[in-house]
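Data block below; observations after.
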Amino acid sequence: MDFAAALSQVEIFSDLSEEALSTLAESVKVQTLVSGETLYSEGEPPRQLYILVHGRLQVTAKGKILGYINRHELVGEMGVVAAEARNATVRALRDCLLLSIPASTFMIFMRSQPDCLVQMTRLIIARGRHYQNFRSASANAKGGTLALIPAAAGVPAVQLAEALTAHMQGWPETRLITSAHVNSVFGDGSAQTPLDGSEEDTRLRSWLADLEHKHRFILYAADNGHDPWSLRCLRQADRILMLAESSATPEPVPVLNTLQAGSLVTPVELVLLRPEGDAAPNTLAWCRATGARAHYFVHPWAKAEIAALARQISGRGIGLVLGGGGARGFAHIGLVRALEQLQIPIDIVGGTSMGAFVSALLACGFDSVEMSHIAHETFVARNFLNDYTLPKVSLIRGERFHARLTSIFGSRRIEELRRSYYCISTNLTTGLPMVHDQGHLASWVGTSMSVPGVAPPIAFEGDLLCDGGIVNNLPTDVMQHLERGVIIACNVSNNGDIRAPGAGLGEPDQLALLNWKSDTRAPTLTEILMRTATLTSDTVTQQASIERADTYIRMPIEDIGMFDWQRLDELIERGYEHALTLLAPIRENLLR
């Protein structure tokens with residue numbers, strides 16, 4: 001390898017003279033990492049500076065993903081310059097080739113290159129800001145490598161890879177590599193070259209690395225799940241897709257088991273071939289068997305579903321997060337109507353409380369017109385929230401409402417929905433949020449909507465659960481972790497609108513609400529309970545939720561109460577008009 005040429009590809013070294021590059025190159029050594037291997041850990045001394053030549057690294061701190069390092073980027077510069085222990089852990093997302101320079105040698109060199117030192121300082125500051133405000137933790141946001149592996153014999157992985165390539169804008173944006181392609185370049189049987197560091201292995205690795213410079217995405221497709229080419233595909237991937245028939249019984253995938261026996265970092269996701277209308281009872285079994293963090297359903301070969309899969313695995317998907325806010329959540333239906341009119345596809349949905357209800361309707365395939373009818377019947381025409389009881393633990397029993405949810409959603413299970421969905425509840429026992437992405441849909445939607453004091457908490461595994469808005473009213477953090485692409489977040493909470501105008505001036509007035517004198521309507525008990533329950537989420541954690549969103553929508557509904565169910569049509573119309581105004585100008589960017 002020409003070390004000087006490799007160093008010149010790094011931005012802060014690009015203006016150095018040939019003499020300076022040659023001097024720095026004299027201290028360079030080559031280091032390789034296998035997929036999952038750790039480069040360094042938090043707390044270690046900064047003995048080396050690294051440059052990533054090819055591959056991809058994942059940066060974490062205290063178990064949280066901070067970002068990714070791509071080829072021609074520096075690694076560990078902060079610790080080296082500050083002479084402080086590493087503040088993050090860096091691991092190989094896939095097989096990597098790096099250059100290493102001793103820290104002391106590098107600092108001596110930098111003192112002789114003041115312009116380069118200034119650029120290094122700017123890089124450290126920029127990275128620090130990036131990690132603090134990290135919004136989209138997607139390994140494939142700017143391109144990368146993906147592997148599609150059949151989980152069983154006869155599953156058409158190569159055919160699906162070909163279809164995905166076409167939906168990922170095709171050549172030269174995306175390059176499909178199969179064993180046949182490798183054999184055509186290097187000769188019959190070359191794809192089966194062992195990953196042993198031999199000359200043949202090195203030559204093949206170098207060729208594949210060179211392809212990454214020419215194409216934004218490389219999609220590797222294997223013919224089976226047990227040969228050397230399959231293992232190579234996995235070790236070259238930023239994202240692993242296991243393909244299986246939804247009706248089949250899970251079985252071991254040898255090459256995946258080999259990687260998982262080590263320290264696999266690369267996320268594994270499941271693609272299940274599932275004809276429209278078919279059940280998918282083995283979904284959770286497949287997820288457990290493969291260790292998949294997520295799953296997708298594809299109807300062979302439905303263009304819309306393949307296009308949706310292509311968007312999400314390439315970081316171009318669109319996720320919708322809907323917040324809680326009682327009746328104000330009807331504005332979410334207006335947002336859905338605007339998305340329909342603008343033909344902006346939503347690939348994954350999630351929400352809290354009323355946001356969980358509306359997003360569940362969307363995940364089930366209901367359109368905005370059907371949503372408005374369901375909402376009107378549930379909250380206006382018949383009001384299933386009026387089964388009041390002696391307030392021993394809550395104002396209502398909640399039985400009528402939970403029965404209504406069952407009539408709407410039936411026996412649907414979250415993990416079997418064709419559009420990915422999640423909702424949030426609060427564990428009153430532990431004080432922590434719970435993410436529900438599997439199980440009986442109606443039950444978890446109802447749990448996410450159980451406002452303490454208004455409805456009774458739900459018992460589960462010995463704990464008590466209630467409305468997710470207590471701790472996470474706008475769950476963009478869950479959406480971000482899924483790494484699907486753009487996040488649209490819609491907020492309908494009631495920040496600052498429970499007031500007592502003209503009361504308590506100069507000194508507290510304990511009877512202000514009992515002797516209400518304002519022209520405005522007095523806050524009701526249910527509104528006070530709702531506001532109290534969601535206070536922390538709406539004030540302390542909300543800003544972080546907003547910052548994670550790529551597009552944030554705050555609905556203009558401050559004058560409408562949280563239990564003004566009769567204003568459903570007005571809320572939907574306001575939500576529609578506001579969303580249309582905000583989304584129409586950015587539609588093309590969302591569909592990039």
Side-chain angles (χ1 to χ4, degrees), residues 1-135 137 139 142 263 265:
M1 182 186 298
D2 186 338
F3 292 154
L7 291 171
S8 70
Q9 298 295 313
V10 180
E11 185 175 358
I12 71 166
F13 300 147
S14 59
D15 293 331
L16 290 176
S17 66
E18 291 185 8
E19 181 181 359
L21 285 171
S22 297
T23 300
L24 185 60
E26 291 174 0
S27 59
V28 166
K29 291 185 178 180
V30 174
Q31 182 169 341
T32 60
L33 290 178
V34 174
S35 175
E37 194 173 353
T38 299
L39 180 62
Y40 58 75
S41 301
E42 294 175 63
E44 289 185 5
R47 296 189 178 92
Q48 301 283 332
L49 176 82
Y50 301 95
I51 295 101
L52 182 62
V53 178
H54 62 73
R56 181 160 284 158
L57 299 165
Q58 182 189 78
V59 184
T60 62
K62 298 178 180 178
K64 178 183 177 182
I65 297 176
L66 297 181
Y68 297 92
I69 295 172
N70 302 310
R71 62 178 179 268
H72 308 318
E73 291 186 352
L74 294 179
V75 190
E77 73 289 339
M78 198 174 300
V80 169
V81 173
E84 295 179 350
R86 303 293 193 188
N87 59 6
T89 296
V90 177
R91 298 170 68 190
L93 194 63
R94 51 185 161 101
D95 286 3
C96 297
L97 177 68
L98 303 100
L99 304 181
S100 67
I101 304 172
S104 57
T105 303
F106 179 72
M107 290 308 299
I108 292 172
F109 174 80
M110 290 298 284
R111 293 187 186 100
S112 69
Q113 303 292 332
D115 290 344
C116 195
L117 184 58
V118 170
Q119 290 190 57
M120 171 71 81
T121 304
R122 289 172 178 168
L123 172 65
I124 291 173
I125 293 171
R127 276 192 171 172
R129 288 174 177 169
H130 171 74
Y131 291 156
Q132 287 178 355
N133 302 300
F134 193 55
R135 287 195 314 176
K142 297 181 180 180
S263 301
V265 177

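Heavy-atom basis, side chains included; hydrogens, waters and symmetry copies ignored.
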| Sub-4.5 Å side-chain heavy-atom contact between Cys96 and His54 | no

| task | Taking all heavy atoms of Ala61 and all of Leu66, pick out the closest pair and write down the distance. | result | CB-CD1, 3.6 Å

| Which heavy atom in Thr89 sits nearest to a heavy atom in Arg91, and how many Å separate them? | CG2-CG, 4.0 Å

| Run the side chain to side chain contact (heavy atoms under 4.5 Å, CB included) check on Arg111 and Leu117 step by step: do they pass? | CA-CA 7 Å; Arg111 293 187 186 100; Leu117 184 58; 5.7 Å; no

| message | Going by ring pair (Phe, Tyr, Trp, His ring centres under 6.0 Å), name the pairs with one or both residues in residues 71-101, residues two or more places apart or in two chains. | response | His72-His213

| note | Tightest non-hydrogen contact, residues Pro46 and Ala103, listed as O-CB, 3.2 Å

| query | About how many Å separate CE of Met110 and CG of Asp115, when rounded to the nearest 0.5 Å? | reply | 10.0 Å

| task | Give every residue pair that meets the side chain to side chain donor-acceptor pair (under 3.5 Å) criterion with at least one member in residues 25-47, sequence neighbours excluded. | result | none

| said: Would you say that Leu49 contacts Phe109 through its side chain, given a criterion of any heavy-atom pair below 4.5 Å between the two side chains? | reply: no

| said: So if I apply the side chain to side chain contact (heavy atoms under 4.5 Å, CB included) rule between Arg56 and each of Val265, Leu93, Asp95, which one comes out positive? | reply: Leu93

| If you measure from CG on Leu24 to OG on Ser8, what distance do you get to the nearest 0.5 Å? | 11.0 Å

| query | Could you walk me through whether Phe3 and Ile101 pass the side chain to side chain contact (heavy atoms under 4.5 Å, CB included) check? | reply | CA-CA 11 Å; Phe3 292 154; Ile101 304 172; over 6 Å; no

| request: Evaluate the side-chain proximity of Val90 to Gln58: yes if any heavy-atom separation is below 4.5 Å, no if none is. | output: no

| task | Tell me, please, which residues at least two apart from Val53 pass side-chain contact (heavy atoms from CB on, under 4.5 Å). | result | Met1, Leu97, Leu99

| query | Taking C-beta and beyond as the side chain, do Leu7 and Leu16 meet within less than 4.5 Å on heavy atoms? | reply | no

| query | Taking Ile69 as the fixed residue, which of Leu52, Ile51, Leu39 is the one that meets the side chain to side chain contact (heavy atoms under 4.5 Å, CB included) rule? | reply | Leu52

| query | Of all residues at least two apart in sequence or in a different chain, which pass the side-chain hydrogen bond (donor to acceptor under 3.5 Å, both in side chains) check with Gln113? | reply | none

| Taking every non-hydrogen atom, the tightest pair across Met107 and Val81 | SD-CA, 4.1 Å

| query | Once you round to the nearest 0.5 Å, how far does CD of Glu77 lie from CG of Leu123? | reply | 5.0 Å

| field | salt bridge (charged side-chain N to carboxylate O under 4.0 Å, His left out) contacts touching residues 8-21 (sequence neighbours left out) | value | none

| task | Please list, chain by chain and in numerical order, all residues satisfying salt bridge (Lys or Arg N to Asp or Glu O under 4.0 Å) with Arg86, sequence neighbours excluded. | result | none

